[in-house]
Amino acid sequence: MLAYITAVAIVFCIYALLTLSLNLHFGFTGLINFGHVGFFAIGAYAAALCSLNGMPYVVGFTAAAALAALAAWPLGLLALRLREDYLAIVTLAFSEIVRVVITAEEWLTNGVQGLPGIPRPFASLGIGGNAELAYLALVVTAVVLAILLIRHLVRSPFGRLIQAIRDDEVAVKALGKNPAGVKVRVFMIGAAIAGIAGALYAHYMNYIVPDQFLPLVTFYVWMAMILGGAGSISGSLVGAGVLIGILEGSRVVRDLLPNVMQVEMASLRLALVGLLLVLFVLYRPNGLMVKRDES
Amino acid sequence: MSLRISNVDKWLGGVRVLDNVSMEVPDGGLIGLIGPNGAGKSTLFAVVSGFEPADGGEVRFADSPLGSTGPVARARRGLMRTFQVPRPFSKLTVRENLAAAAPGQRGETLWGAFFGAGAARAEQAAIRERADAIIDFLNLNAVRDSLAGQVSGGQRKLIELGRVLMAEPKMILLDEPFAGVNPVLQEEISDHIRTLNGQGIGFLIVEHNLAALSRLVGHLYAMDRGRMLMDGTPADVLADPVVREAYTGGAV
Ligand SMILES: Nc1ncnc2c1ncn2[C@@H]1O[C@H](COP(=O)(O)OP(=O)(O)OP(=O)(O)O)[C@@H](O)[C@H]1O
Ligand SMILES: [Mg+2]
């Protein structure tokens with residue numbers, strides 16, 4: 001039981017990191033990023049490849065954050081100069097390109113076979129769940145650091161500026177402030193956090209394949225952010241919690257219903273998530289953690 | 001710093017919205033611009049502030065041509081505008097709306113957000129003080145900590161004005177600053193504009209409240225259907241038959 005709870009908590013934390021960083025993008029800055037899983041994938045493969053080539057974990061995590069941020073940079077420059085809804089299309093395409101490249105470049109990524117045997121920090125602590133607990137502590141630390149970072153940012157004058165950009169970019173320009181540079185920076189910071197989430201995921205799973213980085217992941221993270229409330233840090237945690245609850249809950253349901261097949265359950269789960277999203281948009285558009293009157 | 005608009009043309013959707021428009025706001029001038037609905041006043045503001053490219057003609061500010069520079073560059077030179085339909089940062093408070101407009105904040109850079117916290121705090125305290133003074137003057141005290149998206153239409157108009165005042169402009173294009181603002185406050189705002197003008201800030205004001213505008217400015221331009229009709233003292237312009245006809249749509 002403890003092992004199960006630890007495992008769920010670790011996955012929750014990884015989704016919390018993704019939701020927090022997407023919230024920095026969309027909830028606080030208004031950047032419509034439909035390709036968050038792309039940064040997640042880059043982080044996962046960067047950390048995995050570093051580790052598999054014998055580099056220290058620190059190097060892998062740094063590479064994960066740096067490469068994800070680096071990928072966000074030209075993307076931001078390109079898309080932020082176009083109309084804002086183009087960013088949605090560009091990012092979605094970007095994340096699929098990342099996945100296709102990962103699948104195709106077999107010499108580096110082992111293609112569809114994926115990368116097995118990715119070591120995990122603290123694995124040497126061995127039996128009795130200690131290794132898992134230690135890893136959980138690491139993941140929780142990452143979440144806490146991300147919360148502190150984002151909270152500090154959004155409460156600073158820089159954070160006020162990004163929220164002003166979200167609310168009315170034209171007015172920001174009229175005051176002589178250039179939104180483009182600020183948006184690129186925010187885009188890179190959020191991407192770096194998603195990259196770290198990817199690194200934590202790769203080391204936790206020990207084994208990654210391109211199919212783990214489908215746009216479905218982006219969809220889940222958007223759902224978690226909307227459920228919790230765009231622009232709410234605590235909402236990101238609640239939203240990620242609800243998401244994990246649904247994903248895990250549907251697994252329990254499947255165990256109770258032996259006649260339901262795996263694929264059917266996956267579709268059912270997606271339908272459930274979609275239904276919940278529709279209900280939220282209708283009845284609680286600001287999310288769980290944002291007060292109704294703040295719309 | 002003077003603003004000189006020469007022979008500006010603008011086409012929108014196949015219509016010539018600005019037709020060879022010329023006008024001038026001298027250094028430290030206080031000038032009005034009137035015209036019936038759809039005359040092209042707001043479009044002229046959009047072109048002058050760099051939000052819309054001109055299809056012909058030239059805009060010069062402080063004796064240098066603005067060319068095809070964008071709104072950010074023009075605002076940084078000190079040429080700023082307000083919007084006829086207010087554009088508040090709706091999920092920021094009224095006070096934050098004004099504070100966000102202060103120029104050159106070190107805390108607005110990523111570096112400044114993390115380092116030099118003491119200096120950034122002092123800077124923000126000064127900005128807050130300035131914002132509160134403007135909020136006080138604009139009678140926005142009661143809604144200072146309300147979200148700007150939730151205040152009344154008239155109050156949004158005042159936020160629009162407060163923000164541009166925070167931004168330390170050299171010349172302000174005001175698009176209907178009195179619309180939705182109560183008459184007492186209109187007079188107070190007029191006084192304030194005179195004071196700022198006395199300090200050297202130039203104003204070009206579009207306003208449908210012709211009486212209030214005439215009391216405020218010494219020189220008035222009138223336009224209709226994209227064309228500049230005439231300019232002169234408010235008394236002369238308002239008495240002019242062509243201007244009167246433009247306002248009555250030809251039905252004398
Ligand atoms: N995007 C557009 N496409 C086509 N026509 C436009 C567009 N924007 C404005 N116009 C037209 O340009 C003309 C001038 O509009 P503008 O808003 O500049 O007038 P205005 O003088 O500010 O009027 P008001 O006093 O009502 O604010 C109007 O006839 C309007 O219909
Ligand atoms: Mg107008």
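A note on names: the letters A, B, ... follow the listed sequences, proteins ahead of strands, and every chain is numbered from 1.
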Do you know which of Gln105(B), Arg77(B), Met80(B), Gln124(B) has the most heavy-atom pairs with chain A at a distance under 4.5 angstrom? Gln124(B)
Under a 4.5 Å cutoff for heavy-atom pairs, which residue among Ala75(B), Gly107(B), Ala148(B) has the most contacts with chain A? Gly107(B)
CZ on Phe28(A) to CD1 on Ile150(A), rounded to 0.5 Å: 7.5 Å
Ala102(B) portion near chain A, given a 4.5 angstrom heavy-atom threshold: backbone
With rounding to the nearest 0.5 Å, note down the distance linking CD1 in Ile32(A) to CG in Leu92(A). 12.5 Å
Any salt bridge between Glu52(B) and Lys10(B), counting N to O under 4.0 Å? yes
Ranking Pro71(B), Ala99(B), Gly112(B), Ala120(B) by heavy-atom pairs under 4.5 Å to chain A gives rank one to Ala99(B)
Whether Trp111(B) and Phe115(B) hold their rings parallel, tilted or perpendicular, with breakpoints at 30° and 60°: tilted
Of the options Leu161(B), Leu158(B), Leu98(B), which is the one that meets Ile134(B) in a side chain to side chain contact (heavy atoms under 4.5 Å, CB included)? Leu98(B)
Residue from Glu168(B), Arg163(B), Arg81(B) scoring the most non-hydrogen pairs under 4.5 Å with chain A is Arg163(B)
How far apart are the closest heavy atoms of Lys177(A) and Arg76(B), and which atoms are they? CA-NH2, 4.1 Å
Tell me, for Pro103(B) versus chain A, whether the close heavy atoms (under 4.5 Å) come from the side chain, the backbone, both or neither. backbone
With a strict 4.5 Å heavy-atom criterion, list every residue of residues 191-201 of chain A that contacts chain B, or say none. none
Any side-chain heavy atom of Leu79(B) within less than 4.5 Å of one from Leu66(B)? yes
Within the side chain of Arg74(B), is there an N or O that forms a donor-acceptor pair under 3.5 Å with the backbone of Val48(B)? yes
Under 4.5 Å from any heavy atom of chain B, what part of Val186(A) do you find: side chain, backbone, both or neither? neither
Per-residue contacts, residues 151-168 of chain A versus chain B, heavy atoms under 4.5 Å: His152(A), Leu153(A), Ser156(A), Pro157(A), Phe158(A), Arg160(A), Leu161(A), Gln163(A), Ala164(A), Arg166(A), Asp167(A), Asp168(A)
Under a 4.0 Å threshold between the charged nitrogen and the carboxylate oxygen, would Arg121(B) count as salt-bridged to Glu123(B)? no
Which bit of Glu96(B) is near chain A, if near means a heavy-atom gap under 4.5 Å: side chain, backbone, both or neither? both
For atom CZ of Arg106(B), decide whether the heavy atoms of other residues, nucleotides or ligands shown that lie under 6.0 angstrom number more than 12. no
Could you tell me if Arg185(A) sits above the aromatic ring of Phe187(A), with its cationic atom closer than 6.0 Å to the ring centre and no more than 45 degrees from the axis? no
Below 4.0 angstrom, N of the basic side chain to O of the carboxylate: do Glu176(B) and Lys41(B) qualify? no
Verify whether the ring centers belonging to His203(A) and Tyr57(A) lie closer than 6.0 Å. yes
Could you tell me whether Phe39(A) and Phe94(A) have their ring centroids closer than 6.0 angstrom? yes
Contact winner vs chain A - Ala73(B), Ala100(B), Ala167(B), heavy-atom pairs under 4.5 Å: Ala100(B)
Heavy-atom proximity to chain A below 4.5 Å, by part of Ser49(B): neither
What do you reckon, is CZ of Arg4(B) surrounded by more than 12 foreign heavy atoms closer than 6.0 Å? no
Interatomic spacing from CD in Glu207(B) to CD in Gln84(B) - rounded to 0.5 Å: 9.5 Å
At a 4.5 Å cut-off on heavy atoms, which part of Phe51(B) comes close to chain A: side chain, backbone, both, or neither? side chain
Using non-hydrogen atoms and a 4.5 Å limit, figure out which bit of Val182(A) sits close to chain B: side chain, backbone, both or neither. neither
Side chain, backbone, both or neither: which part of Pro169(B) has a non-hydrogen atom closer than 4.5 Å to chain A? neither
